[in-house]
There are 2 protein chains.
Amino acid sequence: MRGQPGRSVTSRVLALLDAFSPASPALTLSELARRAGLPLSTVHRRAAELLAWGALERGVDGRYRIGLRLWEVGSLAPRGLGLREVALPVMEDLYEVTHENVQLAVRQDLELVFIERIAGRHAVPVLTRVGGRFALHATGVGLVLLAHAPVGVQERVLAAPLERYTDLTVTDPGRLRRCLAEVRRVGYAVSDRQVTLDALSVAAPIRAPEGVVAALSLVVAHDRADPVALAPLVQAAGRVLSRALGGAHR
Amino acid sequence: MRGQPGRSVTSRVLALLDAFSPASPALTLSELARRAGLPLSTVHRRAAELLAWGALERGVDGRYRIGLRLWEVGSLAPRGLGLREVALPVMEDLYEVTHENVQLAVRQDLELVFIERIAGRHAVPVLTRVGGRFALHATGVGLVLLAHAPVGVQERVLAAPLERYTDLTVTDPGRLRRCLAEVRRVGYAVSDRQVTLDALSVAAPIRAPEGVVAALSLVVAHDRADPVALAPLVQAAGRVLSRALGGAHR
DNA sequence: ACGGGGGCTTTCACTGAGTGGAAGCTGGGG
DNA sequence: CCCCAGCTTCCACTCAGTGAAAGCCCCCGT
């Protein structure tokens with residue numbers, strides 16, 4: 001084989017999947033090639049094979065999209081649909097009691113991924129999307145996940161510049177470090193207007209035998225928020241789920 | 001390369017993903033190799049690469065599972081999460097009005113795939129799973145999807161033996177053909193105890209510019225069911241979604 | 001402590017699946 | 001009618017991938 005030796009076929013195929021994103025879920029062959037950094041003919045051949053299997057689909061406009069078969073396989077991810085199936089009833093309970101936004105997220109590397117969300121039609125609008133990513137250092141769920149992440153992960157997050165979303169976003173590594181210690185101590189996290197100036201979130205950990213695997217939060221309008229009152233609710237829900245996952249209480 | 005010439009690397013990678021199923025979402029390396037029909041060393045190498053990217057994950061038990069990264073990419077499928085995002089509010093309305101099970105499905109080849117489900121805690125238990133498959137000829141959603149599928153697909157389904165789930169399952173191709181014509185004529189489908197003896201479902205099509213792309217249904221206990229009363233509800237919900245997808249009314 | 005076995009990991013020399021430049025093909029806009 | 005951008009096909013070269021076999025590890029029974 002010629003160009004770019006050292007790059008495996010598998011990595012090229014995965015690069016094609018990487019080319020898709022929430023912002024651009026439909027790509028032409030050329031866009032796909034450009035984003036994946038591969039020659040057109042290579043992409044053409046690999047895409048044809050993914051198409052045949054159902055990993056990609058092609059619309060009437062000729063653009064490639066992620067295919068249903070890949071969605072099906074993805075739905076077998078324990079930390080994806082698996083977690084959602086367990087958590088949804090509890091999240092619905094939490095919604096019924098509060099009528100506020102309920103969010104479920106897990107950590108993937110140095111970011112969080114939203115697994116499920118119940119958005120009350122009358123609750124504060126939140127800009128999160130199921131399947132979407134976000135930084136760990138600003139949201140309630142993020143703080144919980146970061147506080148219980150391996151030290152190596154924490155250090156890597158603290159070492160990188162912490163993006164500022166509002167004036168209240170914690171961007172100082174030292175302060176964030178103290179924040180995380182506090183989250184571990186009290187067993188829940190509060191993010192007060194650290195993402196948007198109208199929202200406050202309260203989050204609690206969900207434990208499995210191997211440790212904290214997910215976080216659950218309520219996102220409410222900051223001016224009608226009472227974190228101290230909400231925390232026990234979210235924590236209780238987290239404990240119910242921890243028990244369901246075998247992550248013992250305590 | 002040696003063994004099994006004619007098999008592409010990509011097809012081997014996809015065979016690994018195919019090895020996972022709702023019934024066995026966690027596999028050892030050997031199981032993976034056996035199911036994919038590939039030598040152990042080949043699987044070991046390919047799986048390592050999928051692991052590094054996040055398409056697979058490995059639990060404390062050493063078993064491979066579908067990774068979150070694949071779930072993320074899968075969530076970009078327009079017919080998966082995309083459709084769900086649009087449909088969920090309408091499905092919730094339907095649930096609020098009826099407090100019965102609401103199901104959303106699309107066709108994938110000769111089967112249907114459930115995209116979303118709202119299962120009332122007090123509604124009839126249904127055995128469907130989000131991400132799960134089912135035959136087209138028995139359920140309400142299946143009949144709708146089949147009735148509006150390309151003729152080639154219909155013929156292939158009709159040509160194969162139609163599995164019988166209950167005494168009321170339509171297994172005669174001729175009768176099924178008349179059934180489908182009726183579904184197209186009246187604009188909705190009723191499956192009365194054709195899957196289980198306690199349930200009845202009423203389904204309506206969801207149209208996009210390219211035709212019927214999904215189906216929506218209510219599943220109720222057969223003895224408290226009035227299909228004629230439910231049909232307009234489901235059809236109305238279907239039409240709301242069709243309009244949202246640009247699939248004009250009529 | 002010891003031996004056996006099942007499962008995972010690594011090695012190595014061979015080879016055909018994959019490559020990408022270039023040439024052909026579309027289709028739609030001016 | 002021609003041009004251009006994007007897609008598809010072709011072809012000779014070559015390195016990524018292959019799989020049998022050997023090595024390793026850990027658990028279980030004795």
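A quick note: this is a predicted structure, and the numbers were derived from the prediction, not measured. Numbered from 1 within each chain, the chains take letters A, B, ... in sequence-line order.
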### Criterion side chain to side chain donor-acceptor pair (under 3.5 Å) on B/R45 and A/T10, from CA distance to verdict
CA-CA 10 Å; B/R45 260 173 288 125; A/T10 307; over 6 Å; no
#### Entry: Nearest-nucleotide 5' precedence on DNA chain D, B/R46 against A/Y64
A/Y64
### Query
Is the phosphate of C/dG20, meaning OP1 or OP2, less than 4.0 Å from a side-chain N or O of A/T42?
yes
### Query
Does the side chain of A/R12 get closer than 4.0 angstrom to OP1 or OP2 of C/dT19 through an N or O atom?
yes
### Message
Quiz question: by atom type and distance under 3.5 Å, do the side chains of B/R12 and B/T42 form a donor-acceptor pair?
### Response
no
### Message
The test is side chain to side chain contact (heavy atoms under 4.5 Å, CB included); show your working for B/R117 and B/V102 and say whether it passes.
### Response
CA-CA 6 Å; B/R117 183 190 89 178; B/V102 184; over 6 Å; no
## Note on the structure
B/R7 atom CZ is separated from D/dA16 atom C1', nearest whole Å, by 17 Å
### Query
Atom CG of B/D61 and atom P of D/dC26: how far apart are they, to the nearest Å?
16 Å
### Message
Categorize A/S41 for me: base, sugar-phosphate, or nothing, with a 4.0 angstrom heavy-atom threshold over every strand shown.
### Response
base
Thinking salt bridges, do [X] and [Y] make one under a 4.0 Å N-O criterion?
X     : Y      : answer
B/E85 : A/R129 : no
B/D18 : A/R69  : yes
A/R84 : A/E116 : yes
B/E57 : B/R65  : no

### Query
Is it the case that A/R79 places NZ or CZ above or below the six-membered ring of B/W71, under 6.0 angstrom from the centre and within 45 degrees of the axis?
no
Pairs: protein N or O with nucleotides 6-8 of chain C N or O, under 3.5 Å:
from	atom 1	to	atom 2	distance (Å)
C/dC8	OP2	B/S30	N	3.0
C/dC8	OP2	B/S30	OG	2.3

### Task
State whether the distance check finds a donor on one side and an acceptor on the other, under 3.5 Å, for side chain B/R45 versus base D/dG19.
yes
### Message
Using five base pairs at each end to define the local axes, how bent is the helix from C/dA1-D/dT30 to C/dG30-D/dC1, to the nearest 10°?
### Response
40°
